[in-house]
Amino acid sequence: QLQLVESGGGSVQVGDSLTLSCRASGLAFSDHAVGWFRGGPGQGGRVFVSQVSWSGNKIYGDAVKGRFTSSRDNKKKTVDLQMSNLKPEDTGFYYCAASKSTIQSVNTVEYWGQGTQVTVSS
């Protein structure tokens with residue numbers, strides 16, 4: 001099993017920056033693609049935000065390209081989400097995700113964190 005715990009959420013103003021972190025526990029973190037989704041407080045409606053492959057290659061959702069960046073540290077078993085130029089539409093719960101294949105779709109995600117809330121106010 002791989003357990004994921006997010007931190008770093010909060011309430012910010014439009015244009016601000018914020019960094020979220022995800023800490024993993026388990027024996028095979030380096031074998032997994034990891035990244036982030038945004039959604040509501042429940043399990044439905046989650047939208048792809050970012051993926052970092054085992055080799056460090058990065059893919060981003062269209063809504064955040066040019067504003068958000070993810071990176072991973074396999075020794076620390078962490079993946080972060082660096083958010084800049086935040087907009088009200090970025091508001092939501094951010095969930096860390098992992099899979100041995102890909103996390104670009106919710107259908108391929110094997111492990112989820114419980115989420116951390118981000119609110120962007122104008």
Side-chain angles (χ1 to χ4, degrees):
Q1 292 187 334
L2 193 65
Q3 298 179 61
L4 307 172
V5 180
E6 305 94 335
S7 63
S11 182
V12 298
Q13 296 291 315
V14 169
D16 282 354
S17 297
L18 193 67
T19 297
L20 309 181
S21 296
C22 173
R23 182 183 72 253
S25 61
L27 299 178
F29 176 81
S30 62
D31 293 335
H32 290 72
V34 295
W36 298 85
F37 284 76
R38 185 189 75 243
Q43 297 188 67
R46 295 183 182 180
V47 177
F48 173 71
V49 173
S50 69
Q51 177 185 278
V52 189
S53 75
W54 63 268
S55 63
N57 293 327
K58 301 173 183 180
I59 300 172
Y60 299 97
D62 289 341
V64 306
K65 287 180 180 176
R67 298 189 298 118
F68 292 9
T69 301
S70 281
S71 60
R72 68 188 292 165
D73 186 326
N74 287 340
K75 293 184 178 180
K76 295 181 179 179
K77 296 184 178 181
T78 60
V79 57
D80 66 5
L81 181 66
Q82 299 162 292
M83 304 181 290
S84 62
N85 192 24
L86 283 161
K87 305 177 183 297
E89 50 264 46
D90 297 319
T91 292
F93 289 79
Y94 283 76
Y95 298 90
C96 187
S99 173
K100 295 196 75 173
S101 58
T102 177
I103 57 94
Q104 293 175 252
S105 167
V106 296
N107 295 327
T108 63
V109 173
E110 297 178 62
Y111 305 100
W112 293 99
Q114 294 191 73
T116 185
Q117 188 173 11
V118 174
T119 302
V120 185
S121 301
S122 60

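Just the heavy atoms: all of them, side chains too, but no hydrogens, waters or symmetry mates, feed the values below. Only a predicted model underlies this, so the values are computations on that prediction, with no experimental measurement involved. We number each residue from 1, following the sequence as shown.
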Closest heavy-atom contact between [X] and [Y]?
| X | Y | result |
| --- | --- | --- |
| C96 | V79 | SG-CG1, 3.8 Å |
| S50 | S70 | OG-OG, 2.7 Å |
| T91 | R38 | O-CD, 3.6 Å |
| A24 | L2 | CB-CD1, 4.2 Å |
| V49 | F37 | CG2-C, 3.8 Å |
| Y94 | L20 | CB-CD1, 3.5 Å |

Which residues pass the salt bridge (charged side-chain N to carboxylate O under 4.0 Å, His left out) test with K65, sequence neighbours left out?
-> D62
Please identify each residue that fulfils salt bridge (charged side-chain N to carboxylate O under 4.0 Å, His left out) with D73, with sequence neighbours left out.
-> none
How about Q43 and W112: do any of their side-chain heavy atoms sit closer than 4.5 Å?
-> no
Is the shortest heavy-atom distance from the side chain of L86 to the side chain of F68 under 4.5 Å?
-> yes
Counting N and O atoms only, with roles assigned by atom type, does the side chain of S84 sit under 3.5 Å from a partner on the main chain of R67, one being a donor and the other an acceptor?
->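 Yes.
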Under 3.5 Å: donor-acceptor pair, side chain of E6, backbone of Q114 =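 Between the backbone of Q114 and the side chain of E6 there is a qualifying donor-acceptor contact (under 3.5 Å).
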Quick one: do V64 and V14 end up in the same hydrophobic cluster if we chain Ile, Leu, Val, Met, Phe, Trp and Tyr together by side-chain heavy atoms under 4.5 Å apart?
-> yes
[X] side, atom [atom1]; [Y] side, atom [atom2] - distance, nearest 0.5 Å:
| X | Y | atom1 | atom2 | result |
| --- | --- | --- | --- | --- |
| I103 | F48 | CD1 | CZ | 5.0 Å |
| Y111 | Q1 | OH | CD | 6.5 Å |
| L4 | R23 | CG | CZ | 10.0 Å |

Would you kindly check if the NZ (Lys) or CZ (Arg) of R72 is within the cone defined by 45 degrees around the ring axis of F29 and under 6.0 Å from the six-membered ring centre?
-> yes
Can S71 and D80 be said to form a side-chain hydrogen bond (donor to acceptor under 3.5 Å, both in side chains), step by step?
-> CA-CA 6 Å; S71 60; D80 66 5; 2.8 Å; yes
Hey, are E110 and S99 close enough side-chain-wise for a donor-acceptor pair under 3.5 Å?
-> yes
Identified side chain to side chain contact (heavy atoms under 4.5 Å, CB included) partner of L18 from the options D90, V12, L81 |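 Single pass found, and it is V12.
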